[in-house]
Novice: 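Sharing a structure, written as structure tokens. Questions coming.
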Amino acid sequence: MKIHEYQAKDILREYGIPVPRGGMAATAQEAREVASRLRGEVVIKAQVYAGGRGKAGGIRMASSPEEAGELAQEMMGSRLITHQTSAEGVPVEKVLVEEAVGIERELYLGIVIDSARGMPVMMASEAGGMDIEEVAAKMPQKILKAYIEPVIGFQPFLGRRLAFGMNLAAEQVRPATQLMGNLYRAFVEKDCSLAEINPLVVTSDGRLLALDAKLNLDDNAFFRHRDWDTLRDPEQEDELELEASRHNISYIKLDGDVGCMVNGAGLAMATMDIIKLMGAQPANFLDVGGGASEEMVTKAFTLLLADPKVKAALINIFGGILRCDIVARGVIQAAKQVEVKVPVVVRMRGTNVDEGMRLLAESGLPIILAADLRDAAEKVVAAEEGKI
Amino acid sequence: MSILVDENTRLVVQGITGSEGSFHARKCMEYGTKVVAGVTPGKGGSSFEGVPVFNSVEQAVRETGANASMIFVPPAFAADAILEAADGGIPLVVCITDGIPTFDMVTVLRYLKEGKTRLIGPNCPGVISPGKCKVGLMPGDIHMPGSVGVVSRSGTLTYEAVAQLTEQGVGQSTCIGVGGDPLIGTTFVEVLRMFQGDAQTRLVVLIGEIGGMAEQEAAAFIKSKMNKPVIAFVAGSTAPPGRRMGHAGAIITGSSATAQEKIAALASASATIAQSPAEIGMVARRVLEGSA
């Protein structure tokens, strides 16, 4: 789960990590108020779930509260297109108004879990800022790494190694070490999958400050952080994808026109792959999950059909836990709620397949039955091209 | 032979009285797996389908000599259940549970490093040695005893591949789903090492997917340590970068985690690549016939 920069900074502040003074604004009036409270030059930062804002005009300077209000007004309601967003961009609904600070150096600090080692790793670099991904790709030696033993946690010696490694001045080493320890504590206690401060700046008066912050939260840990619900921003998510996630369905919209509904992520990806191999483009990734109910199947199939681009649909189910008759009932139920205007190819196998097939055959829906995966892909591509 | 599970496996099911646990425990028993015990804290002393239920793994092991565990407890308690099984001295733990917080697994894997317990999963379909023993969710009837080892990060895609093998008349020695999470107990490389040393296994089918580096590590191992033929399929060629496809593991983190990069690595290790997911069974049969 992603959260906004202003929310991430609230969490960092809670853990004693210095961040610039500022506040979130959802209207031009609020932006003016925050700016006049801060006094002097301020920075207006678009709050979106995508990176690359600076180069896309999502970060602007204002020298007065009036200008801050104008810039905020301009940004809000517009869509920001960065190299990380789709061509349509993402809507800007909120901005963060912060004091402008004099910057001496831009560093990078981040924590992720290294899956190969099964340990958290803290990464630090003196080449922080906008081009950190390029630095990581071209000069990996500029990224320092410290693996953190989970049983003992982050120790000061690791902090000193990273701080001296980034050539921090002697008097900055202790606060840097403390900041790193605090970031690790936030990472663990808030169940983050990523905690990143980029840039971590040294200000012109020698202080360390988290100028930007990004925290991604581990969805699996939601059960012990009920407050995360309040951090969600539905405006930043695709409407169909959001609706799917409310029903525990994994749905990702793509650009093609062959819709597919599959059980299991691996089989769902393989189904998309074979659609492409046969010469068509998948319209979506949709995994109804292992233990889907009839209601979930109904919801999933309705979502798939809600995409106006879909010209043909493929249902590929390898029943194990999920029974084929449940899938058939769910599909039939969906067809009662929305009109099925496109041909639907169904391939089912496994538990209760005969009953499932019988239900579909008797339903009167425009269904084309397929014998196996290849047959299903061939038929759905033919259907998409209007050949059957 | 086969690997990990066979006629000598004595299974304890943790979470045997839950809805999923009881359903699959029954299916495993029907397949012929020796389910010797169940564990549900608070329900010790009762029984399930004639199998004694205990309050703790330690007690189940003491009373029944269980030597493998299958875990079905909810995600919030699953890490604790794995630790309990390891502490109880169980050599093989198969954790089916999906949705365990990543940091819980960091602690679990750290603990398992010191001991003798092998963990399969979490978020996996389990392990089956056809005709001998099934520890997991997979439909038993699509399998057939034989000489092909199957290892995969996926669930239903593994069933798809296995069903194709069986349709082609190609039986399996052992089929293992290692799990779709970023942090798992047993990796591709460890399973490949076991297959390489298993007399029954003549060929290995490896099913990978986008995200992480497991396929590249497998490729390096195949190149340097294996003389048995390997067939590989990697799912996710059409997945857009940066998006997560259901599995937490299936995240493209850089160009090295794409399907194309993984396929290239496996091909350079002389694995035979199945280009289409519908061809896995056929390619395996051809390679097996060619190597006979």
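Bear in mind that the values here come from a model prediction, so they are computed numbers and not experimental data. Numbers restart at 1 for each chain; the letters A, B, ... are given by sequence-line order, proteins then strands.
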Novice: Is B:Glu217 in contact with chain A via its backbone, its side chain, both, or neither, using a 4.5 Å heavy-atom distance?
Specialist: side chain
Novice: Counting only non-hydrogen atoms closer than 4.5 Å, does A:Val151 touch chain B with its backbone (N, CA, C, O), its side chain (CB onward), both, or neither?
Specialist: side chain
Novice: Looking at A:Leu322, A:Asp114, A:Asp191, A:Asn263, which makes the most heavy-atom pairs under 4.5 Å with chain B?
Specialist: A:Asn263
Novice: With a 4.5 angstrom heavy-atom cut-off, is it the side chain or the backbone of A:Gln281 that approaches chain B, or both, or neither?
Specialist: neither
Novice: Go through the atoms of B:Val108 and report whether side chain, backbone, both or neither lie under 4.5 Å from a heavy atom of chain A.
Specialist: neither
Novice: Quick check against the 3.5 Å criterion: does A:Asp219 have a side-chain atom that pairs as donor or acceptor with the backbone of A:Met1?
Specialist: yes
Novice: Can you confirm whether B:Arg110 is buried at CZ, in the sense that more than 12 heavy atoms of other residues, nucleotides or ligands lie under 6.0 Å from that atom?
Specialist: yes
Novice: For the side chain of B:Gln172 and the backbone of B:Val170, is there at least one donor-acceptor N/O pair under 3.5 Å apart?
Specialist: yes
Novice: Report the option among A:Ala376, A:Gly118, A:Gly350 that has the most heavy-atom pairs separated by less than 4.5 Å from atoms of chain B.
Specialist: A:Gly118
Novice: Can A:Arg117 be said to sit on top of A:Tyr147's aromatic six-ring, NZ or CZ under 6.0 Å from centre and within 45° of the ring axis?
Specialist: yes
Novice: Are there more than 12 heavy atoms of other residues, nucleotides or ligands under 6.0 Å from atom CZ of B:Phe77?
Specialist: no
Novice: With only heavy atoms counted, which part of A:Asp372 is less than 4.5 Å from chain B, the side chain, the backbone, both or neither?
Specialist: neither
Novice: So what's closer than 4.5 Å to chain B heavy atoms on A:Asp375: side chain, backbone, both or neither?
Specialist: neither
Novice: Given that the side chain runs from C-beta out, which part of B:Phe23 has a heavy atom under 4.5 Å from chain A: side chain, backbone, both or neither?
Specialist: neither
Novice: Identify all side-chain donor-acceptor contacts of residues 98-105 of chain B below 3.5 Å with residues at least two apart in sequence or on another chain.
Specialist:
| residue | atom | partner | partner atom | Å |
| --- | --- | --- | --- | --- |
| B:Thr102 | OG1 | A:Asp218 | OD2 | 3.2 |
| B:Asp104 | OD1 | A:Arg224 | NH1 | 3.2 |
| B:Asp104 | OD1 | A:Arg224 | NH2 | 2.8 |
| B:Asp104 | OD2 | A:Arg224 | NH1 | 3.4 |

Novice: Listed by chain and number, what are the ring pair (Phe, Tyr, Trp, His ring centres under 6.0 Å) partners of B:His143, not counting sequence neighbours?
Specialist: none
Novice: Between A:Thr271, A:Ile275, A:Leu373, which has the largest tally of heavy atom pairs under 4.5 Å with chain B?
Specialist: A:Leu373
